[in-house]
There are 2 protein chains.
Amino acid sequence: MVTLKDIAREAGVSVMTVSNVVNGNLSKVSKENAQRIREIIERRGYVPNASARSLAKNRANIIAIILRGAENENTLENPHNAALVGTIIQKIQKRGYYTMVNMMKCREDITQSLRTWNVDGAVFLGMFDDEIEEMCAASDIPMVFIDSYSSVRQLSNVGIDDYKGGRLAARHLIACGHRSIAFVSPPVLRTGVVQHRFAGFCDELEQHGISFRSEHQFVLESDVRPEDTMELGRRLAQLREKFSAVFVTSDQIASYLIQGMRSTGIRIPDDMSIIGFDDLMICRQMTPQLTTIAQDLEEKARLSVDILFRRLSAPAAPAESLVLDVTLVERESVAVKR
Amino acid sequence: MVTLKDIAREAGVSVMTVSNVVNGNLSKVSKENAQRIREIIERRGYVPNASARSLAKNRANIIAIILRGAENENTLENPHNAALVGTIIQKIQKRGYYTMVNMMKCREDITQSLRTWNVDGAVFLGMFDDEIEEMCAASDIPMVFIDSYSSVRQLSNVGIDDYKGGRLAARHLIACGHRSIAFVSPPVLRTGVVQHRFAGFCDELEQHGISFRSEHQFVLESDVRPEDTMELGRRLAQLREKFSAVFVTSDQIASYLIQGMRSTGIRIPDDMSIIGFDDLMICRQMTPQLTTIAQDLEEKARLSVDILFRRLSAPAAPAESLVLDVTLVERESVAVKR
DNA sequence: CTGAAAGCGCTTACAG
DNA sequence: CTGAAAGCGCTTACAG
């Protein structure tokens with residue numbers, strides 16, 4: 001392994017001078033020396049040792065992405081998360097930082113990782129309030145959360161207007177003549193995204209004089225278990241006398257649900273209307289194409305990284321909390337009922 | 001920040017003793033000391049500094065995942081890659097290593113990252129031969145490639161039988177009575193996966209006395225540009241007098257293609273049969289459900305990591321190259337033609 | 001513009 | 001079982 005010292009010896013200068021060249025502090029090095037040293041670096045294929053640098057500078061140049069996922073679940077199987085993570089990694093890289101990705105199993109693992117690597121900042125996906133509190137307490141590096149709801153003050157978060165999403169979904173279904181509507185979601189009601197979508201949904205119903213009936217709420221154990229979801233689809237199909245439409249909190253789930261319903265022979269949207277959430281690509285790949293509440297993933301990723309780096313360069317900068325808009329995208333999965 | 005020294009001082013022992021406790025070398029420490037030190041570590045919340053450790057041990061405990069993606073493309077938007085990466089990260093973590101993810105923009109970036117962090121090993125997705133050569137030349141850490149074809153000897157690679165996949169697709173279409181068949185793929189013909197699928201496809205046709213006509217080959221600029229792909233779908237629909245079936249090298253592409261075709265009013269599979277590749281979840285989310293060539297992603301991820309760690313623990317171990325099987329999964333997108 | 005010294009937090013190799 | 005010394009490759013802070 002080639003080190004600063006090797007280069008210095010070959011160039012007949014001190015390590016400091018080489019270090020200055022490597023780090024672009026050219027004001028401190030004579031033109032001739034700089035040129036000669038650069039040439040030697042190039043020829044010898046010198047690459048600085050990041051660990052040594054990190055140790056000396058007390059700064060690692062690493063951003064961590066923390067993915068919250070249920071036990072043994074592959075969070076990236078969810079297209080929403082995958083697209084988000086991919087974009088975030090690109091943005092981090094573009095700014096000259098390295099990315100570490102962690103699947104959160106338990107909280108200590110995460111705080112440990114952050115501290116052991118002396119990570120500069122972190123982006124969290126889908127964390128809950130108690131976890132957020134713990135993270136904030138355990139470390140004071142800049143953190144940005146995505147899609148979290150938290151009572152922690154001074155939290156940087158990028159989310160969407162989930163409540164409005166719920167209202168839009170309900171409003172659309174009502175406008176299409178549906179009065180009795182089911183709600184399907186994963187079990188994460190304990191304070192997150194789903195809860196707010198549900199609240200918006202119920203409030204909108206209420207406003208139209210409809211009260212949501214709790215027996216119309218269906219909770220899935222997980223959002224990446226196709227089989228379970230299809231099974232629920234079949235069950236819902238049997239209940240089509242009870243309601244004429246379903247609001248589902250993700251397109252991913254909606255697609256499996258529809259598959260399950262279909263297998264019983266019921267027609268969508270004729271026999272049952274469905275509205276999803278996210279506006280993933282699959283909405284257009286399905287038949288009928290899925291009506292859904294759209295959010296802008298690219299924007300979400302971009303803003304998260306922007307905020308993180310703003311805090312990195314100005315640690316005293318205020319926490320920023322952004323709420324992106326959502327819109328209804330009408331396609332083919334909701335029927336007008338008379 | 002709490003350091004070994006702090007703990008040592010508090011415990012009234014040397015840093016070495018604390019270091020031994022931290023690293024579980026308990027044979028070198030008396031029971032009482034070990035217990036007391038552990039208690040202090042716990043209370044003070046000591047976390048070892050990975051950079052310092054990495055520097056001293058010359059070993060970082062990091063595995064890099066390198067994603068090859070076209071300029072400005074989000075590789076993780078491809079569900080195949082996303083699922084693979086997610087599983088790989090989990091397996092790496094389970095073995096007590098950290099994961100760095102890199103999108104490959106240019107080659108120097110990658111070799112630089114690997115060396116600067118003194119990465120222990122790396123997993124590469126979808127690299128081409130010339131790139132592979134360069135990686136192998138630039139670094140001698142254990143590397144495992146996924147889905148690569150290379151003339152480099154002693155390469156560890158985990159792939160699937162792409163050639164057979166091509167044959168299976170052709171055979172199925174022929175068995176269903178199709179004689180004139182189109183081929184759609186991304187532009188990566190320069191030696192990879194696509195080329196072998198194409199070769200298998202052509203050979204099988206040949207064997208049945210059909211020669212593939214080059215004007216029936218359609219190359220997309222990229223595999224994640226829905227608009228372009230849909231446009232091609234519309235074009236193909238116009239050409240339905242020329243061929244009655246299409247073999248597409250990925251389910252992802254097939255789905256957009258179908259969308260495009262559909263928009264012109266042609267029916268699938270009645271007017272045009274389609275067969276995909278990968279067996280992603282979307283195959284079942286679509287209508288008609290997509291007939292495809294299936295591969296086992298979970299297995300691919302698992303084996304890649306297994307091989308990598310085998311090489312990590314036994315650097316002299318031979319390179320392993322694994323070829324997983326593929327199978328035809330019949331669903332609804334291929335019609336029997338008379 | 002240049003460099004010698006000290007230090008970042010850990011481990012290796014050795015002496016007791 | 002325990003510890004003092006040297007070193008990993010870099011940077012910071014200072015003196016010239």
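Just so it is clear: chains get the letters A, B, ... in the order the sequence lines come, proteins before strands, and each one is counted from 1.
- The side chain of A/Thr3 contributes no N or O atom lying less than 4.0 Å from OP1 or OP2 of D/dG9.
- Listed nucleotides: D/dG3, C/dG3, D/dC1. Nearest to the side chain of B/Ser14: D/dG3.
- Atom CE in A/Met16 sits about 14 Å away from atom C1' in C/dG7, given to the nearest Å.
- Rounded to an integer number of Å, the gap from A/Lys57 NZ to D/dG9 P is 19 Å.
- Out of C/dG7, D/dC1, C/dT2, the shortest distance to the side chain of B/Ser30 is found at D/dC1.
- Contact check, B/Ser19 against C/dT11: a side-chain N or O comes under 4.0 Å of OP1 or OP2.
- Counting only heavy atoms from C-beta outward, the side chains of B/Phe124 and B/Met104 never approach each other to under 4.5 Å.
- The shortest distance between the side-chain N/O atoms of A/Asn23 and the OP1/OP2 oxygens of D/dT11 is below 4.0 Å.
- The side chain of A/Thr17 contributes no N or O atom lying less than 4.0 Å from OP1 or OP2 of C/dT2.
- Here the closest heavy-atom approach between residue A/Glu320 and residue A/Ile307 is recorded as CB-CD1, 3.9 Å.
- Classification of A/Lys91 and A/Glu298 as a salt-bridged pair holds, one side-chain N sitting under 4.0 Å from a carboxylate O.
- Under 4.0 angstrom from either OP1 or OP2 of D/dT2 there lies no side-chain N or O belonging to B/Asn20.
- Contacts of A/Val15 with the nucleic acid, taken as non-hydrogen atoms under 4.0 Å apart, are absent.
- Nearest nucleotide to the B/Val13 side chain, out of D/dG3, C/dT11, C/dG7: D/dG3.
- For the pair A/Asn118 CG and C/dC10 C1', the interatomic distance rounds to 14 Å; values are reported in whole Å.
- A/Asp129 and A/Ser151 are linked by a side-chain donor-acceptor pair at a separation below 3.5 angstrom, with hydrogens and angles left out of the test.
- Ion pairing between B/Arg311 and B/Asp120 fails under the 4.0 Å rule for side-chain N and carboxylate O.
- Whole-Å rounding puts the B/Asn61 CG to D/dC8 P distance at 21 Å.
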Exercise. Would you sketch DNA chain C in dot-bracket for me? Only Watson-Crick or G-U wobble pairs with both distances under 3.5 Å count, crossing pairs as [ ], other-strand pairs as |, the rest as dots.
Key: |||.||||||||.|||
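- Distance B/Arg36 CZ to D/dC1 P: 15 Å, rounded to the nearest Å.
- Without hydrogens or angle criteria, A/Ser313 side chain to A/Arg310 main chain gives a donor-acceptor distance under 3.5 Å.
- A salt bridge links B/Arg43 and B/Glu39; the closest N-O separation between the charged side-chain nitrogens and carboxylate oxygens is under 4.0 Å.
- Between the A/Asn23 side chain and the A/Asn25 main chain, no donor and acceptor come within less than 3.5 Å of each other.
- Rounded to an integer number of Å, the gap from A/Leu55 CG to D/dT11 C1' is 10 Å.
- The CG-P distance, from A/Asn58 to D/dT12, rounds to 10 Å in whole Å.
- Ion pairing of A/Asp296 with A/Arg302 is absent here, as no side-chain N (NZ or NE/NH1/NH2) approaches a carboxylate O to less than 4.0 Å.
- Nucleotide C/dG9 holds its C1' atom 10 Å from the CG atom of B/Asp6, rounded to whole Å.
- Sorted by residue number, the members of residues 37-54 of chain B with any non-hydrogen atom under 4.0 Å from DNA chain C read B/Tyr46, B/Pro48, B/Asn49, B/Ala52, B/Arg53.
- Taking both residues in full, the closest heavy atoms of B/Arg115 and A/Gly45 are given as NH2-O, 2.8 Å, listed atom of the first, atom of the second, then distance.
- Using a 4.0 Å heavy-atom criterion, one finds that B/Lys28 contacts the bases of the nucleic acid, with or without backbone contacts as well.
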